Colleague: 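Right, I'll just put the structure down here and ask away after.
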Amino acid sequence: MLTESEVSRSWARLFKDGNFTTDSFENAENLLEELRPESPLRHRLTSELAELQRLHETKA
């Protein structure tokens, strides 16, 4: 299990270049699974991921 700090850094690297691919979304979901279900960071990043996916679908 990764710490919240590690997940946060990995998340930032994952989307740093505006890289919105199926693989990046899968990797993001895997990072979320590393966090405790009650983690505030997990809830925030889950919402952020949903928004990024909506934006990606709109552009595609």
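For clarity, every value in this text was computed on a predicted model and none was experimentally measured.
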Colleague: Just how far is it from atom CD of E34 to atom CD of E29, taken to the nearest 0.5 Å?
Modeller: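 So the CD of E34 and the CD of E29 are separated by 13.5 Å.
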
Colleague: Could you list all the ring pair (Phe, Tyr, Trp, His ring centres under 6.0 Å) pairs where at least one residue sits in residues 21-54, not counting sequence neighbours?
Modeller: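 Passing the test, one end in residues 21-54: F25-H56.
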
Colleague: Do you see a donor-acceptor pair shorter than 3.5 Å between the side chains of T46 and R42?
Modeller: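 Checked: T46/R42 side chains show no N/O donor-acceptor pair below 3.5 Å.
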
Colleague: To the nearest 0.5 Å, what is the distance between CD on E4 and CZ on R44?
Modeller: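 Going from the CD atom of E4 to the CZ atom of R44 covers 9.5 Å.
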
Colleague: Report the residues that fulfil side-chain contact (heavy atoms from CB on, under 4.5 Å) with T21, sequence neighbours left out, ordered by chain and then residue number.
Modeller: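 With sequence neighbours excluded, T21 shows a side-chain contact (heavy atoms from CB on, under 4.5 Å) to N19, D23, S24, given in chain and number order.
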
Colleague: Report whether L2 and L45 are members of the same hydrophobic cluster (ILVMFWY, side-chain heavy atoms less than 4.5 Å apart, transitive linking).
Modeller: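 Linked, L2 and L45 end up in one cluster.
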
Colleague: Working to the nearest 0.5 Å, report the span between OG of S39 and CG of L32.
Modeller: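 That separation rounds to 9.5 Å.
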
Colleague: Drop me the distance from R13's CZ to L31's CG, to the nearest 0.5 angstrom.
Modeller: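 It is 9.5 Å, given to the nearest 0.5 Å.
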
Colleague: Quick check for you: to the nearest 0.5 Å, what is the distance between L35 atom CG and T3 atom OG1?
Modeller: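 Answer rounded to 0.5 Å: 9.0 Å.
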
Colleague: How many angstroms lie between atom CG of L49 and atom CD of Q53, to the nearest 0.5 angstrom?
Modeller: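 Output value for this atom pair is 4.0 Å.
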
Colleague: Is it true that R54 and E57 have a side-chain N and a carboxylate O under 4.0 angstrom from each other?
Modeller: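 No salt bridge links R54 with E57.
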
Colleague: Can you sort out the partners of F15 under ring pair (Phe, Tyr, Trp, His ring centres under 6.0 Å), two or more places apart, ordered by chain and number?
Modeller: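 Applying ring pair (Phe, Tyr, Trp, His ring centres under 6.0 Å) to F15 gives W11, F20.
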
